[in-house]
Participant: 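Just dropping this structure here.
Residue numbers run from 1 in the order of the sequence given.
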Amino acid sequence: MRSVTYSMSVSLDGYIVGPDGGFDWTPPDEEVFRFATDEVRELGVHLLGRRLYESMLYWETVDQVPSLDFSTLEFAAIWKTLPKVVFSTTLSAVQGNARLASGGLAEEIERLRAEPGDGNIAIGGATLAAEAAALGLIDEYRARVHPVLVGGGIPFFPQHERRVDLELVETRTFRSRVVYLGYRVAR
């Protein structure tokens with residue numbers, strides 16, 4: 001069965017964006033970017049909230065810039081072909097290889113898990129991930145922890161006021177001092 005993974009860059013104090021809404025502390029170096037590209041390469045589908053979907057629209061046309069390096073072009077190619085499901089109450093249409101969710105989050109995940117296919121189901125966006133966590137639908141948490149304290153903002157870990165035991169399955173420290181932590185939900 002396909003796993004549901006939640007993977008984001010996060011500050012050491014636990015935020016995916018700072019109190020001003022910025023995330024200028026997250027641009028990856030080449031090594032971290034390659035790692036993230038490999039992670040996306042393993043996906044079968046990506047579930048996104050509206051804000052993350054709109055942020056990621058950049059990757060739909062970036063390959064039209066002739067001066068880009070190979071890594072950027074490679075990520076763009078992988079992202080563009082990856083099927084995406086967007087959860088939004090305000091959008092009436094989406095672009096690229098995306099569709100608007102036709103059901104609730106639990107129903108979409110159940111349907112995607114039942115479909116044949118390779119690759120995990122990624123979930124992105126703090127609000128959507130919080131909903132999935134509250135429903136007990138996340139199988140793995142993957143954090144690329146950046147060496148910065150931002151002091152507030154949108155938390156990486158959903159606040160659903162219940163205990164979730166995790167098993168550490170992977171760690172990696174990058175030259176840029178970013179630390180990757182991969183945890184599987186203990187069931």
Participant: Taking atom CG of D118 as the centre, does the number of heavy atoms from other residues, nucleotides or ligands within less than 6.0 Å exceed 12?
Facilitator: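 No - once you tally the heavy atoms of other residues, nucleotides and ligands closer than 6.0 Å, there are 12 at most.
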
Participant: With a cut-off of 3.5 Å and sequence neighbours excluded, list every side-chain donor-acceptor pair involving residues 178-187.
Facilitator:
residue, atom, partner, partner atom, Å
R187, NH2, I138, O, 2.9
R187, NH2, D139, OD1, 2.7

Participant: Evaluate side chain to side chain contact (heavy atoms under 4.5 Å, CB included) for Y15 paired with V10, printing each intermediate quantity in order.
Facilitator: CA-CA 5 Å; Y15 297 97; V10 58; 5.6 Å; no

Participant: Given side chains that start at C-beta, do those of V148 and L12 come closer than 4.5 Å, heavy atoms only?
Facilitator: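 Counting from C-beta outward, V148 and L12 never come under 4.5 Å.
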
Participant: For residues 45-52, please give each side-chain donor-acceptor pair under 3.5 Å, one per line with the distance, not counting sequence neighbours.
Facilitator:
residue, atom, partner, partner atom, Å
R50, NH1, E54, OE1, 2.7
R51, NH2, T127, OG1, 3.3

Participant: Determine, using the 4.5 Å side-chain heavy-atom cutoff (strictly less than), whether F35 and F70 are members of one ILVMFWY cluster.
Facilitator: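 Not linked; separate clusters.
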
Participant: Classify the side-chain pair T5/S7 by whether it contains a donor and acceptor separated by less than 3.5 Å.
Facilitator: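 T5 vs S7: no donor-acceptor pair found between side chains.
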
Participant: Applying side-chain hydrogen bond (donor to acceptor under 3.5 Å, both in side chains), can you list everything that pairs with D38, at least two apart in sequence or on another chain?
Facilitator: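 Expected list: R41.
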
Participant: Would you say W59 and L57 are hydrophobically clustered, going by side-chain heavy atoms of ILVMFWY under 4.5 Å?
Facilitator: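 As far as the 4.5 Å side-chain criterion goes, L57 and W59 are connected within one cluster.
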
Participant: Using a 3.5 Å distance criterion without hydrogens, assess whether the side chain of E42 forms a donor-acceptor pair with backbone atoms of E39.
Facilitator: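 Not a single qualifying donor-acceptor pair exists.
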
Participant: Of all residues at least two apart in sequence or in a different chain, which pass the side-chain hydrogen bond (donor to acceptor under 3.5 Å, both in side chains) check with S71?
Facilitator: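 side-chain hydrogen bond (donor to acceptor under 3.5 Å, both in side chains) list for S71, sorted by chain: E30, R34.
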
Participant: How far does CD of E140 sit from CD1 of I123, to the nearest 0.5 angstrom?
Facilitator: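 Taking CD in E140 and CD1 in I123, the distance rounds to 13.5 Å.
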
Participant: Does the distance from a Lys or Arg side-chain N to an Asp or Glu carboxylate O, for R113 and E108, drop under 4.0 Å?
Facilitator: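 The answer is no: the pair does not qualify as a salt bridge.
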
Participant: Between E115 and R2, is any pair of side-chain heavy atoms under 4.5 Å apart?
Facilitator: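 E115 reaches R2 side chain to side chain.
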
Participant: Would you say S11 and H146 are linked by a side-chain donor-acceptor pair, where the criterion is simply a distance under 3.5 Å?
Facilitator: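 Checked: H146/S11 side chains show no N/O donor-acceptor pair below 3.5 Å.
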
Participant: Could you tell me which non-hydrogen atom of S88 sits nearest to which non-hydrogen atom of T90, and how far apart they are?
Facilitator: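 Heavy atoms only, the tightest pair is OG-N, 3.0 Å.
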
Participant: Could you tell me whether R172 and E170 make a salt bridge, using a distance below 4.0 angstrom between a side-chain N and a carboxylate O?
Facilitator: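 The answer is no: the pair does not qualify as a salt bridge.
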
Participant: Do F75 and Y58 share a hydrophobic cluster, counting only Ile, Leu, Val, Met, Phe, Trp and Tyr and linking them when any side-chain heavy atoms are less than 4.5 Å apart?
Facilitator: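 Looking at the clustering, Y58 is in the same group as F75.
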
Participant: Do W79 and V40 have side-chain heavy atoms sitting under 4.5 Å apart?
Facilitator: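 SC-SC contact between W79 and V40 confirmed.
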
Participant: Identify whether F174 and F33 are in the same connected component of the hydrophobic contact network (ILVMFWY, side-chain heavy atoms under 4.5 Å).
Facilitator: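 In one cluster with F174: F33, no.
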
Participant: Is it the case that over 12 heavy atoms from other parts of the model lie below 6.0 angstrom from the CZ atom of F23?
Facilitator: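 At most 12 heavy atoms, drawn from other residues, nucleotides or ligands, come within 6.0 Å of this atom.
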
Participant: Does a side-chain heavy-atom distance below 4.5 Å link V4 with I109?
Facilitator: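 Yes, at least one pair of side-chain atoms sits under 4.5 Å.
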
Participant: Would you say CZ of R162 has more than 12 non-hydrogen atoms from neighbouring residues, nucleotides or ligands within 6.0 angstrom?
Facilitator: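 Yes.
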
Participant: Taking the ring of Y6 and the ring of F156, is the distance between their centroids below 6.0 Å?
Facilitator: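 F156 vs Y6: aromatic centres under 6.0 Å.
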
Participant: Any idea how Y141 and F157 line up, ring-wise: parallel (<30°), tilted (30 to 60°), or perpendicular (>60°)?
Facilitator: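 Judged by the thresholds at 30° and 60°, the geometry between Y141 and F157 is tilted.
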
Participant: Heavy atoms, side chains only, cut-off 4.5 Å: are Y53 and L91 in contact?
Facilitator: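 The answer is yes; the side chains approach within 4.5 Å.
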
Participant: Quick one: are P155 and I16 in side-chain contact, heavy atoms under 4.5 Å?
Facilitator: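 P155 vs I16: side chains apart.
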
Participant: So does E60 pair up with K80, basic N to acidic O under 4.0 Å?
Facilitator: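 No salt bridge links E60 with K80.
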
Participant: Among all residues two or more places apart in sequence or in another chain, which pass the side-chain hydrogen bond (donor to acceptor under 3.5 Å, both in side chains) test with D24?
Facilitator: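 Result, side-chain hydrogen bond (donor to acceptor under 3.5 Å, both in side chains) vs D24: none returned.
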
Participant: Return the CG to CG distance between D13 and L149, rounded to the nearest 0.5 Å.
Facilitator: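 The CG atom of L149 is 4.5 Å from CG of D13, to the nearest 0.5 Å.
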
Participant: Assess the side chains of E74 and T37: does a donor N or O sit below 3.5 Å from an acceptor N or O?
Facilitator: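 Their side chains do not contain a donor-acceptor pair, so the 3.5 Å distance test is not met.
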
Participant: Under a single-linkage definition using a 4.5 Å side-chain heavy-atom cutoff for Ile, Leu, Val, Met, Phe, Trp and Tyr, are L82 and L73 assigned to the same hydrophobic cluster?
Facilitator: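 Yes; L73 is reachable from L82 via cluster members.
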
Participant: Hey, could you give me the OG/CG distance between S3 and L137, rounded to the nearest 0.5 Å?
Facilitator: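 It comes to 12.0 Å.
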
Participant: Give the minimum heavy-atom separation between D29 and S176, together with the two atoms involved.
Facilitator: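 Nearest heavy atoms, D29 then S176: OD2-CB, 3.1 Å.
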
Participant: Any idea which heavy atoms bring L135 and A106 closest together, and the distance?
Facilitator: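 What the structure gives for the nearest pair is CD1-CB, 4.2 Å.
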
Participant: Where is the tightest heavy-atom contact between Q95 and A98, given as atom of each residue plus distance?
Facilitator: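 Of all heavy-atom pairs spanning Q95 and A98, the closest is O-CB, 3.4 Å.
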
Participant: My understanding is that only residues two or more places apart in sequence, or in another chain, count here; which of them pass side chain to side chain contact (heavy atoms under 4.5 Å, CB included) with A77?
Facilitator: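 Testing A77 for side chain to side chain contact (heavy atoms under 4.5 Å, CB included), a comparison that skips the adjacent residues, returns none.
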
